[in-house]
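It should be emphasised that the depicted structure is a prediction, and the values quoted were computed from it without experimental measurement.
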2 protein chains.
Amino acid sequence: MVLRVMDDDLVFKALADPTRRFLLDLLFQRDGRTLKDLESGLEMTRFGVMKHLKVLEEASLVVTRRSGREKLHYLNAVPIRMIHDRWIDKYTEPRFSAVLALKDELGSKE
Amino acid sequence: MVLRVMDDDLVFKALADPTRRFLLDLLFQRDGRTLKDLESGLEMTRFGVMKHLKVLEEASLVVTRRSGREKLHYLNAVPIRMIHDRWIDKYTEPRFSAVLALKDELGSKE
DNA sequence: ACCATAGGTGACTAATTAGTCACCTGTCAA
DNA sequence: TTGACAGGTGACTAATTAGTCACCTATGGT
């Protein structure tokens, strides 16, 4: 068995597109959808949606299962957790950065 | 005072580049660095680094403060939290999706 | 006052990526 | 076994983006 390491770059690149994020939103609402199902909610050809799903699948953000002539799509949140853990220190409180951000916001009073 | 809503798209686009993620890593290690400081850790001209920092700043992932002729850069983790919260259900346990992912991994025994 | 230093801008090139289309494969039901 | 349906591929175009360069502004030390 090959232990495949999750590629950071694929995950972030996959999340960079609004259509793909919307697809994740749809799958977050309800899992196990087919391409046809997902396609119907978008202003795009089937091919575009299929390409986006492929990108999500290669990033492990979506996991699929075949069932006859249908392909069912499931959301996998594991990579999302990894993003979170990369820059959010479990032991350090949210004290500093957020305060700075607010300060910045208050500073620019357009 | 204008309450500016954080733009999702800017955040995800900003995170899509490996150089920018590395910059966030550097700032995660130690905050309050100057452009010169950050530049020295990268194989890229000053202009490239500056452009990346600008993208991070516009996405609110980095917050800056001027000090004389220097510009200090701080990490802001708030947008990262928002990504997490978007697709990770606080009340639902990690049970299902992760299991599917593992199953998929075991299934493809190349 | 001078010069070195830190940061900034607009224009340009090369590379990447979104979206579409013509065409193909596999599955199910009458 | 035929036709409708679900999914898939490779090639192409248009748009976006990374990285560099010439040139500019502001600050601080001596």
Under 4.0 Å between a side-chain N or O of A:T45 and OP1 or OP2 of C:dT20? yes

Sidechain-backbone polar pair: A:D31 side chain, A:Y74 backbone, donor-acceptor under 3.5 Å: no

Would you mind reading off the distance between [X] atom [atom1] and [N] atom [atom2], rounded to a whole angstrom?
| X | N | atom1 | atom2 | value |
| --- | --- | --- | --- | --- |
| A:R66 | D:dC5 | CZ | P | 18 Å |
| B:L72 | C:dA6 | CG | C1' | 11 Å |
| A:L53 | D:dG8 | CG | P | 9 Å |
| B:L42 | D:dA18 | CG | C1' | 14 Å |
| B:L10 | D:dT17 | CG | P | 10 Å |
| A:M50 | C:dA18 | CE | C1' | 14 Å |
| B:K51 | C:dG7 | NZ | C1' | 16 Å |
| A:M44 | C:dA18 | CE | C1' | 8 Å |

Roughly how far, to the nearest 0.5 Å, is the [atom2] atom of [Y] from the [atom1] atom of [X]?
| X | Y | atom1 | atom2 | result |
| --- | --- | --- | --- | --- |
| B:E39 | B:L23 | CD | CG | 11.0 Å |
| A:T19 | A:L38 | OG1 | CG | 12.5 Å |
| B:M44 | B:K51 | CE | NZ | 11.0 Å |
| A:L24 | A:L56 | CG | CG | 5.0 Å |
| B:T64 | B:K71 | OG1 | NZ | 4.5 Å |
| B:M82 | B:S60 | CE | OG | 9.5 Å |

Is any NZ, NE, NH1 or NH2 atom of the basic residue among B:R65 and B:E70 found under 4.0 Å from an Asp or Glu carboxylate oxygen of the other? no

Shared hydrophobic cluster for A:L10 and A:L75 (ILVMFWY, side-chain gaps under 4.5 Å):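 They do not share one cluster, since no chain of ILVMFWY contacts under 4.5 Å joins A:L10 to A:L75.
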
Is it true that B:V55 and A:I83 fall in one hydrophobic cluster, defined by side-chain heavy atoms closer than 4.5 Å?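 B:V55 does not cluster with A:I83.
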
For each nucleotide in nucleotides 23-30 of chain C, reading 5' to 3', give B when a protein heavy atom comes within less than 4.0 Å of its base, S when such contact involves only the sugar-phosphate, and - otherwise. B--BBS--

Dump the pairs, protein N or O against N or O of nucleotides 14-16 of chain D, anything under 3.5 Å, distances to one decimal.
none

With the side chain defined as heavy atoms from C-beta on, A:K71 is closest, among D:dG8, D:dA6, C:dG7, to D:dG8

Between C:dG19, D:dG7, C:dT9, which one does the side chain of A:H52 approach most closely?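 Looking only at heavy atoms from C-beta outward on A:H52, the closest nucleotide is C:dG19.
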
Given axes from five pairs at either end, by how many degrees does the helix from C:dA1-D:dT30 to C:dA30-D:dT1 bend, rounded to 10°?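 That helix has its two terminal axes inclined by roughly 30°.
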
Looking only at side chains, do B:R33 and B:H73 share a donor and an acceptor under 3.5 Å apart?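 No donor-acceptor contact under 3.5 Å links the two side chains.
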
